[in-house]
There are 2 protein chains.
Amino acid sequence: MSEHFDDNKLSASLEDYLEAVLAVIIEKKAVRAKDIADRLSVSRSSVTGALQALAAKGYIHYAPYDVISLTDEGEKVATMILGKHNILTQFFAKMLLIEPGLAEETACKMEHSMPEEVIERLTCLYSFIMDSQKDPNEWSTKFSDYCKKQNKSSKA
Amino acid sequence: MSEHFDDNKLSASLEDYLEAVLAVIIEKKAVRAKDIADRLSVSRSSVTGALQALAAKGYIHYAPYDVISLTDEGEKVATMILGKHNILTQFFAKMLLIEPGLAEETACKMEHSMPEEVIERLTCLYSFIMDSQKDPNEWSTKFSDYCKKQNKSSKA
DNA sequence: CAAAAAAGTTAGGAATGACTTATATTATGC
DNA sequence: GCATAATATAAGTCATTCCTAACTTTTTTG
């Protein structure tokens, strides 16, 4: 399909950096290494290292002291990752009724090991269920009631 | 709640070893290092190393050349991990209608980063949806139809 | 029961990944 | 042009995970 030589595969941590690049660009039109360092709570030199790795794999344009930007491929992948993150967060929070903080945190970890096909299907499930609710609170009421009952009977 | 000193936390790989120990015990009543080596496709010496690490963290009873068994804590944790694995596999395969191989593979990766609370809730969702189906094929028919429609309209 | 085979252990080391601190370099605002 | 803020590089730490090779213990079996 495309030019994947298998050395442009991303580790979880590099995915986080790439995701952060896009997120900061969206937020404020441009990225500086410092923004990423702050956002991910790492040193500036870690950021430099990560950016070099991302550039070597073809996801960003990078040259010392120059402006950072995403390549086409990088934009595609970063958008995918950010998308996964958002879908997962929503699924956990709105559908499983997990408390927002934990939903976010869990999404963060899982976004790295979730194949596209599975994410697509999860998106489908989410809209399938949500679309079939009459009013916006119906799901949360029904489902939390069901969970409570389950817990009661399982602890008996 | 209990005596967690933070050095008994398990990496994804150690969780895999621990899970394998339990799985083999269930399958054939006892574990030999070789079973684990075969199952995880690693060398025998890697298994020794992992078993020592698991013992140091209090999850298994281990002494050179002796029988391997789970501690109470180890059994608890291993059961949890295996449980996560199974729920996730089922959820992917039966609910999201993912092909069994990919369902299994994805579950394998995700089981390590899924908090208990989220798994519990996912279990609830699974039974909530499945219990509300009249016949066993209802879900798969309804949901796959919906997905097909979604894909058609999104590719227009 | 003793040798051979199988299983398990140990030592030592390589590769990787993700960080760090400390020092140098560049860019920019004034 | 110079100070300072931002970046980059060098060099090294630390933890994981795995390997091979050589050794020891256990098991099998003639």
Side-chain angles (χ1 to χ4, degrees), chain A residues 5-21 24-25 27-70 77 81 108-109 111-113, chain B residues 5-21 24-25 27-70 77 81 108-109 111-113:
Chain A
F5 285 103
D6 218 57
D7 58 330
N8 45 5
K9 209 167 271 165
L10 292 172
S11 65
S13 137
L14 283 183
E15 281 194 7
D16 283 335
Y17 282 101
L18 186 58
E19 189 186 353
V21 169
V24 175
I25 287 180
E27 245 175 59
K28 41 195 294 194
K29 299 283 179 193
V31 221
R32 285 167 314 148
K34 182 154 186 295
D35 298 323
I36 296 169
D38 291 347
R39 170 178 269 258
L40 301 181
S41 301
V42 294
S43 73
R44 282 151 237 105
S45 81
S46 299
V47 176
T48 304
L51 292 178
Q52 286 168 345
L54 287 174
K57 289 164 195 281
Y59 295 106
I60 64 172
H61 297 297
Y62 171 84
Y65 301 104
D66 203 351
V67 173
I68 299 157
S69 64
L70 292 161
V77 173
I81 299 170
C108 232
K109 286 187 244 154
E111 70 195 14
H112 304 299
S113 45
Chain B
F5 285 102
D6 217 53
D7 58 332
N8 47 5
K9 209 168 273 163
L10 291 172
S11 64
S13 141
L14 282 183
E15 281 193 7
D16 283 334
Y17 282 101
L18 186 58
E19 189 186 353
V21 169
V24 174
I25 287 180
E27 245 175 60
K28 41 197 290 196
K29 300 283 176 191
V31 221
R32 285 168 311 149
K34 180 148 188 294
D35 298 322
I36 296 169
D38 291 347
R39 171 178 269 257
L40 301 181
S41 301
V42 294
S43 72
R44 281 168 284 133
S45 80
S46 297
V47 175
T48 303
L51 293 178
Q52 286 169 346
L54 287 173
K57 290 166 195 282
Y59 295 105
I60 64 172
H61 297 296
Y62 171 85
Y65 302 104
D66 203 350
V67 173
I68 298 155
S69 64
L70 292 161
V77 173
I81 298 171
C108 232
K109 287 187 244 155
E111 71 196 16
H112 304 299
S113 45

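Here the structure is a predicted model, which means the values were calculated and not measured. In what follows, chains are A, B, ... by sequence order, proteins preceding strands, each numbered from 1.
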Holding to side chain to side chain contact (heavy atoms under 4.5 Å, CB included), I want the full list of residues that pass it with [X], two or more places apart in sequence or in another chain.
X: B:Ala12; result: B:His112
X: A:Ala55; result: A:Ile60, A:Tyr62
X: B:Leu14; result: B:Leu10, B:Ser11, B:Tyr17, B:Ala50, B:Ala53, B:Leu54, B:Lys57

Rounded off to whole Å, could you give me the [atom1]-to-[atom2] distance for the [X] and [N] pair?
X: B:Asp35; N: C:dA6; atom1: CG; atom2: P; result: 16 Å
X: B:Arg32; N: C:dT9; atom1: CZ; atom2: P; result: 13 Å
X: B:Leu54; N: D:dT16; atom1: CG; atom2: P; result: 13 Å
X: A:Asp38; N: D:dA6; atom1: CG; atom2: C1'; result: 12 Å
X: A:Leu51; N: D:dT9; atom1: CG; atom2: C1'; result: 14 Å
X: A:Lys34; N: C:dT26; atom1: NZ; atom2: C1'; result: 18 Å

Discussion item. Expected output check: what is the dot-bracket annotation of DNA chain C, where ( ) and [ ] are pairs inside the strand (brackets for crossing ones), | is paired with another strand, and pairs are Watson-Crick or G-U under 3.5 Å?
Written reply: ||||||||||||||||||||||||||||||
Worksheet item: Nearest heavy-atom pair of B:Ile36 and B:Ala20: which atoms, and what distance?
Response: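 Minimum heavy-atom contact is CG2-CB, 4.3 Å.
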Worksheet item: Nearest heavy-atom pair of A:Val31 and A:Ile25: which atoms, and what distance?
Response: CG2-CG1, 3.3 Å
Discussion item. At less than 4.0 Å, is any side-chain N or O atom of A:Tyr62 found next to OP1 or OP2 of D:dT7? Yes or no.
Written reply: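 No, no such contact exists.
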Worksheet entry | Side-chain N,O (A:Gln52) to OP1/OP2 (D:dT9) below 4.0 Å | yes
Item to complete: With the side chain counted from C-beta on, respond yes when A:Leu70 and A:Leu18 share a heavy-atom pair under 4.5 Å apart, and no when they do not.
Response: yes
Discussion item. Any heavy-atom pair between the side chains of B:Val47 and B:Leu40 that's under 4.5 Å?
Written reply: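 Sidechains of B:Val47 and B:Leu40: no contact.
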Worksheet entry | B:Glu15 side, atom CD; B:Ile81 side, atom CD1 - distance, nearest 0.5 Å | 4.0 Å
Worksheet item: Under the salt bridge (charged side-chain N to carboxylate O under 4.0 Å, His left out) rule, what pairs show up with a residue in residues 33-43 of chain B, not counting sequence neighbours?
Response: B:Glu27-B:Arg39, B:Lys28-B:Asp35, B:Arg32-B:Asp35, B:Lys34-B:Asp38
Between the protein and nucleotides 3-5 of chain C, list every N/O to N/O distance that falls short of 3.5 Å.
none

Worksheet item: What parts of residues 40-50 of chain A reach DNA chain C, counting only heavy atoms under 4.0 Å away?
Response: A:Val42, A:Ser43, A:Ser45, A:Ser46
Worksheet item: For residues 63-70 of chain A, which residues have at least one heavy atom under 4.0 Å from DNA chain C?
Response: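 Within residues 63-70 of chain A, the residues near DNA chain C are A:Tyr65.
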Worksheet item: Does any residue of residues 10-20 of chain B have a heavy atom under 4.0 Å from DNA chain D, and if so, which ones, in number order?
Response: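 Heavy-atom cutoff 4.0 Å gives B:Ser11, B:Ser13, B:Tyr17.
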Fill in: Results of side chain to side chain donor-acceptor pair (under 3.5 Å) for A:Ser46 - residues two or more places apart only
A:Ser43
